[in-house]
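Quick note: numbers below take in every heavy atom, side chains included, and nothing from hydrogens, waters or symmetry partners.
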Number of protein chains: 2
Amino acid sequence: MSVTIKDIAQVSGVSYSTVSKALNDSPLVKPDTKKKILQVAKDLGYTPNFVAKNLVSKKSNTIGLAWPTIEQTALSTLVTEINKQVVKNNYFMMLSINDTNHAVEMFQKFRVDGVIIFEAETPLVKTFDSNLPILTHGVSSNNPYPIIDVNHRKSIYEAVLYLNRLGHKKISYVGFPSQTDKRQIEKLKGFRVAMNEIGLKVDEDSIISTDGLTWYDGYAAAKKLLQRSNLPTALINGSYDLSVGILRAVNEFNLKVPEDISIISYDNIPQMARLETPLTSVGVPVNQLAEKMVNSLLDLINKTNSLPLIEVMEPEITKRGSCSNPTYKKAD
Amino acid sequence: MSVTIKDIAQVSGVSYSTVSKALNDSPLVKPDTKKKILQVAKDLGYTPNFVAKNLVSKKSNTIGLAWPTIEQTALSTLVTEINKQVVKNNYFMMLSINDTNHAVEMFQKFRVDGVIIFEAETPLVKTFDSNLPILTHGVSSNNPYPIIDVNHRKSIYEAVLYLNRLGHKKISYVGFPSQTDKRQIEKLKGFRVAMNEIGLKVDEDSIISTDGLTWYDGYAAAKKLLQRSNLPTALINGSYDLSVGILRAVNEFNLKVPEDISIISYDNIPQMARLETPLTSVGVPVNQLAEKMVNSLLDLINKTNSLPLIEVMEPEITKRGSCSNPTYKKAD
DNA sequence: TTGAAAGCGCTACCAC
DNA sequence: GTGGTAGCGCTTTCAA
């Protein structure tokens with residue numbers, strides 16, 4: 001049996017409603033009384049029963065995150081950042097690695113205040129209790145819940161323009177040309193559009209396809225690329241994990257960044273700065289994305305703001321010294 | 001307002017205690033009544049309120065898992081397997097990626113039935129409510145909670161003996177000789193003890209140190225090793241992630257497994273079978289480990305069994321064809 | 001400033 | 001078989 005407010009009331013010789021108020025730091029309780037009650041609570045090793053609290057207040061102060069099966073660094077970084085934001089707002093976060101539909105159902109039974117559906121691999125077939133605030137990210141857009149997304153196309157587009165402004169004409173894109181992954185398709189599109197706009201040809205030399213999004217895929221692609229006689233002066237690549245591999249290959253070829261080659265990577269996460277060569281990167285900064293997601297969900301929960309059904313966040317370039325102009329003067 | 005059993009009672013014209021019984025499939029309700037009530041519940045879109053249920057039954061049917069900051073494949077596989085076991089036992093699992101102490105505190109407030117502390121990076125300073133069943137894994141052994149561990153030393157020990165039985169005399173170990181990671185230290189010790197026991201010398205040629213436990217660490221170490229003139233006939237390595245890199249290197253050197261070199265890896269997870277070359281591996285099969293952990297926690301919760309403070313699980317070798325005798329005849 | 005009492009949604013017990 | 005009711009631990013009126 002754990003200790004309840006009644007126990008505290010008994011010991012401190014007050015009514016249990018007074019204890020409740022004291023515990024909630026209500027101004028209605030005399031400081032002396034409050035102090036004594038708090039002391040007794042501590043002595044007794046009292047742990048508030050959230051279950052009971054939630055039952056009456058109809059607030060769990062908890063959000064659920066339907067967790068994908070993720071291996072990608074950038075995505076697990078996002079989950080971590082979301083957790084930080086949640087804690088900062090005095091909420092808890094409950095993760096579930098079950099199937100999305102199962103996860104949401106469970107969250108609902110626990111009466112969480114809101115749910116984030118994150119990178120669902122399976123379609124959201126069910127319509128859940130319409131009162132449950134749900135926010136999605138990276139889910140196909142034909143779902144009834146607000147979605148916070150990221151402008152992938154513009155990210156790579158901006159990267160091309162940035163390199164071009166530095167004077168680069170020979171720019172290559174290393175990425176995974178998946179048929180099904182919308183995000184990868186968008187990135188590639190951004191590359192083509194930008195190159196076209198500034199009058200640079202896109203041929204097979206300028207697009208290097210990887211076999212996936214892992215570290216080794218980047219490594220293998222970069223190795224193939226770097227063996228060529230006619231090297232690009234600048235490289236754009238599609239993810240953090242790819243970057244790791246690409247840098248290894250660049251190292252093995254004894255190339256200096258940015259003296260021999262400029263590199264800009266997708267995924268604006270802090271880990272970019274901790275690579276063997278810190279990389280300039282483009283994308284929505286992960287902390288901003290996390291903050292936006294959590295604040296949006298909180299708005300949904302508190303009904304303080306109505307949300308647009310789709311919100312696409314715009315990318316930023318974060319300079320970390322891996323790009324210069326092609327004549328080898330550092331530009332960032 | 002979500003619908004409650006009272007709403008159901010009103011609509012179906014019975015008392016709400018009958019509804020409660022029907023919903024819990026009690027034999028005390030006439031099948032007809034039950035059927036009708038269930039139908040009404042469905043029509044109304046009723047979702048049981050676990051919060052209320054938990055309050056009275058003092059059971060949340062949920063266990064909490066204090067989630068480490070993991071990057072290692074084998075560990076996230078373990079979490080997934082644990083989740084499967086939990087679901088199989090009609091429980092829910094709540095994950096927290098917060099600091100362990102914070103996580104347990106939160107779980108306690110939510111009155112979870114039990115907690116698994118998994119690979120805690122920070123020491124467990126606090127003693128939590130002594131009534132909360134807690135099970136740990138991979139945590140330093142000077143904690144007051146039962147711990148389920150894995151015999152790392154014996155794993156590698158058995159691997160050496162296995163290779164030796166096949167006739168190998170030139171056996172190398174590729175692993176991360178961390179000063180602080182007890183598990184890595186134990187693996188290395190297992191190698192030394194076994195080699196010593198069968199009268200083989202351990203020199204710098206037989207131990208190849210990696211710089212970490214990532215994929216690339218394995219790749220880099222293997223490349224260095226394979227350049228030697230005097231190749232070992234068999235290789236033992238310390239983790240799944242290392243294996244991935246090692247196989248890439250082996251491939252690049254155009255070596256055949258097991259014809260040119262036998263490989264056995266630590267980490268007994270199914271992914272081993274899905275590598276470019278399926279690898280024979282040693283360790284406690286991850287599903288067995290997960291099952292043991294969940295069952296143990298459930299025992300703790302239901303007090304059906306008392307647990308020893310430390311339980312160390314013994315490894316198995318799972319043969320997947322990557323080992324032969326040195327004269328190139330497949331052995332497994 | 002404190003206390004009494006209602007009630008959150010549900011289970012479990014006891015009557016009928 | 002079914003209904004009435006107490007009570008889980010807490011917050012929140014309302015009275016004193």
Lys35(A) NZ: over 12 foreign heavy atoms closer than 6.0 Å: no

Residues, nucleotides or ligands: over 12 heavy atoms within 6.0 Å of Gln10(B) CD: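 No, not enclosed.
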
Taking atom [atom2] of [N] as reference, at what distance in whole Å does atom [atom1] of [X] sit?
{"X": "Arg111(A)", "N": "dG9(C)", "atom1": "CZ", "atom2": "C1'", "value": "9 Å"}
{"X": "Gln10(B)", "N": "dG3(D)", "atom1": "CD", "atom2": "P", "value": "14 Å"}
{"X": "Lys109(B)", "N": "dC10(D)", "atom1": "NZ", "atom2": "C1'", "value": "15 Å"}
{"X": "Phe50(B)", "N": "dT11(C)", "atom1": "CZ", "atom2": "C1'", "value": "14 Å"}
{"X": "Asn54(A)", "N": "dT11(D)", "atom1": "CG", "atom2": "P", "value": "10 Å"}
{"X": "Ile8(A)", "N": "dT11(D)", "atom1": "CD1", "atom2": "P", "value": "10 Å"}
{"X": "Asn49(B)", "N": "dT11(C)", "atom1": "CG", "atom2": "P", "value": "10 Å"}

Residue closer to the 5' end of DNA chain D, Lys53(A) versus Tyr16(B) (nearest nucleotide):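 Final value for this comparison: Tyr16(B).
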
Thr62(A) vs Asn54(A) side-chain heavy atoms within contact, under 4.5 Å: no

Sub-4.5 Å side-chain heavy-atom contact between Met93(B) and Val87(B):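 Contact flag for Met93(B)/Val87(B) side chains = no.
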
Sorted by number, the residues of residues 17-42 of chain B with heavy-atom contact under 4.0 Å to DNA chain D: Ser17(B), Thr18(B), Lys21(B), Leu28(B), Val29(B), Lys30(B), Thr33(B)

Under 3.5 Å: donor-acceptor pair, side chain of Thr136(B), backbone of Pro146(B): yes

Side-chain ion pair, Arg183(B) and Asp181(B), N-O less than 4.0 Å: yes

Distance test, side-chain N/O of Lys58(A) to OP1/OP2 of dG9(C), below 4.0 Å: yes

Under-4.0 Å side-chain N/O to phosphate OP1/OP2 contact, Tyr46(B) with dC10(C):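 So the side-chain polar atoms of Tyr46(B) do come within 4.0 Å of the phosphate oxygens OP1 or OP2 of dC10(C), strictly under.
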
Touch class at under 4.0 angstrom, heavy-atom based, for Val51(B) against every strand present: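 Val51(B): no heavy atom of the nucleic acid under 4.0 Å.
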
Ring pair (Phe, Tyr, Trp, His ring centres under 6.0 Å) contacts touching residues 35-65 of chain A (sequence neighbours left out):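 Found Phe50(A)-Phe92(A), Phe50(A)-Phe110(B).
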
Side chain of Ile5(A) (C-beta onward), nearest among dG3(D), dT11(C), dT11(D):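 The answer is dT11(D).
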
